[in-house]
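Everything quoted here is computed from the prediction, not taken from an experiment. In each ligand, atom 1 is the first atom listed, and ligand 1 is the first ligand listed.
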Amino acid sequence: MTDRSFRFTHAITRRPATSIIAGLRAVDTGNPDLALMQAHHADYITTLRAAGATVIELAALEEYPDSVFVEDTALCLSEGAVIMRPGAPSRLGEAAEMAPNLASLYGDLRVIAEPGSFIEGGDILMTETEILVGRSARTNAAGIAELARLTADWGAVVREVHTPPGVLHFKTDCSLMDAETILSTKRLSDSGCFNGYRLIDVAEGEEAAANAIRFNDLVLMAAGFPRTRDRLLAAGYDVREIGNSECAKIDGGMSCLSLRFTPKA
Ligand code: CIR
């Protein structure tokens with residue numbers, strides 16, 4: 001066991017653009033405040049560095065309002081990286097913007113390229129033994145099948161699962177805490193997709209706390225969910241709370257804000 005699903009050397013982030021106010025959202029609760037988002041983003045990066053990450057900060061991309069959410073553009077594995085094909089038309093071009101950054105770090109870069117394939121990184125949960133991919137409004141069966149084909153010779157085991165209806169991404173509702181343990185909402189875990197894993201339930205009414213990340217010895221979670229935080233503390237995790245009020249207005253959370261990986265040249 002190498003714990004490669006949560007032990008990493010690197011992270012990539014992208015600075016939020018002023019166009020963030022045009023970010024996609026399921027429900028309009030007002031526009032994000034850029035200055036406050038930048039402060040939260042800086043705290044997020046400082047915390048990743050405290051966890052041991054070499055953080056590569058990319059410049060803002062004004063033409064893509066949602067481009068701060070770099071997770072959706074790629075999947076980074078131990079053996080190589082795969083450029084995604086986002087299902088949101090306004091985000092399709094973000095994937096090509098990420099490619100050169102990963103090409104310079106990885107010897108093997110592959111691309112989801114079929115015109116009918118759609119897949120976003122937010123729908124992908126990598127565990128120690130398998131890659132779970134949730135079908136959603138952004139990720140279709142063709143995208144999942146293409147990912148499975150592209151990664152088969154790396155030994156990847158891709159399992160198609162379902163994102164709950166009305167939930168943006170699979171990982172909106174779950175996170176890997178360690179090699180055996182997943183933090184999840186009940187509405188997702190009730191599907192049985194995590195049978196065999198140890199589960200920590202997000203507290204009822206705190207569903208937005210499910211999108212957390214484990215990076216080396218730290219767990220980064222959105223601030224404002226005290227009952228879920230206390231469950232993670234009781235389970236022994238070293239938890240850091242990061243403000244997420246502005247990203248939350250456009251359906252973003254902890255995992256969306258970075259790619260986390262150990263490059264293999
Ligand atoms: C979107 O709708 O695509 C963005 N507003 C939010 C993306 C969040 N990304 C993620 O969960 N991985």
Side-chain angles (χ1 to χ4, degrees), residues 11-34 37 40-41 44 48 58 60-76 81-95 97-98 112 118-126 131-140 143-144 147 161-176 182-185 188 202 207-215 220-222 242 244-261:
I12 293 181
T13 61
R14 188 182 285 288
R15 294 198 174 92
T18 58
S19 60
I20 193 84
I21 54 172
L24 298 172
R25 66 206 76 176
V27 177
D28 197 357
T29 58
N31 285 332
D33 176 300
L34 180 62
M37 185 184 276
H40 291 160
H41 201 247
Y44 180 85
L48 284 176
L58 303 179
L61 281 178
E62 288 298 335
E63 58 273 50
Y64 297 108
D66 285 297
S67 55
V68 68
F69 301 121
V70 284
E71 174 180 68
D72 295 316
T73 65
L75 176 67
C76 298
V82 182
I83 298 296
M84 298 286 108
R85 199 159 187 285
S90 67
R91 303 199 59 193
L92 199 49
E94 288 175 36
E97 296 282 349
M98 184 55 70
I112 302 283
F118 294 102
I119 182 163
E120 297 190 356
D123 279 314
I124 305 177
L125 181 76
M126 193 177 68
I131 299 172
L132 286 83
V133 191
R135 260 165 92 158
S136 72
R138 301 289 183 83
T139 293
N140 64 11
I144 299 171
L147 178 69
V161 287
H162 284 273
T163 300
V167 173
L168 174 60
H169 286 129
F170 186 69
K171 272 201 315 250
T172 303
D173 268 31
C174 65
S175 321
L176 185 87
I182 288 170
L183 173 71
S184 178
T185 62
L188 176 56
V202 166
E207 281 69 21
N211 181 262
I213 56 170
R214 171 82 189 265
F215 195 108
L220 283 67
M221 71 175 290
I242 314 280
N244 192 55
S245 57
E246 305 318 292
C247 284
K249 291 175 184 168
I250 49 172
D251 304 335
M254 294 294 109
S255 77
C256 326
L257 292 170
S258 62
L259 288 167
R260 303 161 294 279
F261 58 102

Taking it one step at a time, do Glu94 and Asp66 satisfy side-chain contact (heavy atoms from CB on, under 4.5 Å)? CA-CA 9 Å; Glu94 288 175 36; Asp66 285 297; 3.9 Å; yes

Identity and distance of the protein heavy atom lying nearest atom 10 (C) of ligand 1: Cys256 SG, 2.8 Å

Return the closest protein heavy atom for atom 4 (C) of ligand 1 as residue, atom name and distance. Asp66 OD1, 3.3 Å

Looking only at the side chains, is there a donor atom on one of [X] and [Y] sitting less than 3.5 Å from an acceptor on the other?
| X | Y | answer |
| --- | --- | --- |
| His169 | Glu120 | yes |
| Arg138 | Ser136 | no |
| Asp251 | Thr172 | no |

What pair of heavy atoms forms the shortest contact from [X] to [Y], and how long is it?
| X | Y | result |
| --- | --- | --- |
| Arg14 | Val68 | O-CG2, 3.3 Å |
| Leu176 | Met126 | CD2-O, 3.8 Å |
| Phe170 | Leu188 | CE1-CD1, 3.6 Å |

Under 3.5 Å between any N/O of [X] and any N/O of ligand 1: does that happen in this structure?
| X | result |
| --- | --- |
| Thr172 | no |
| Asp251 | no |
| Leu24 | yes |

Any idea which part of Arg91 is under 4.0 Å from ligand 1, heavy-atom wise: side chain, backbone, both or neither?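 It is the side chain that touches ligand 1; the backbone stays farther off.
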
Using a 4.0 Å heavy-atom threshold (strictly under), name the region of Arg25 that reaches ligand 1: side chain, backbone, both or neither.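 The answer is neither.
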
Would you mind finding which of Asp72, Leu257, Asn211, Val70 brings a heavy atom closest to atom 9 (N) of ligand 1?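 Shortest heavy-atom distance from atom 9 (N) of ligand 1: Asp72.
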
Working for side-chain contact (heavy atoms from CB on, under 4.5 Å), residues Thr73 and Leu259: CA-CA 9 Å; Thr73 65; Leu259 288 167; 4.2 Å; yes

Mark up the atoms of ligand 1 that fall under 4.0 Å of a heavy atom belonging to [X], in ascending order.
| X | result |
| --- | --- |
| Ile250 | 4 (C), 5 (N), 6 (C) |
| His169 | 9 (N), 10 (C), 11 (O), 12 (N) |
| Arg138 | 1 (C), 2 (O), 3 (O) |

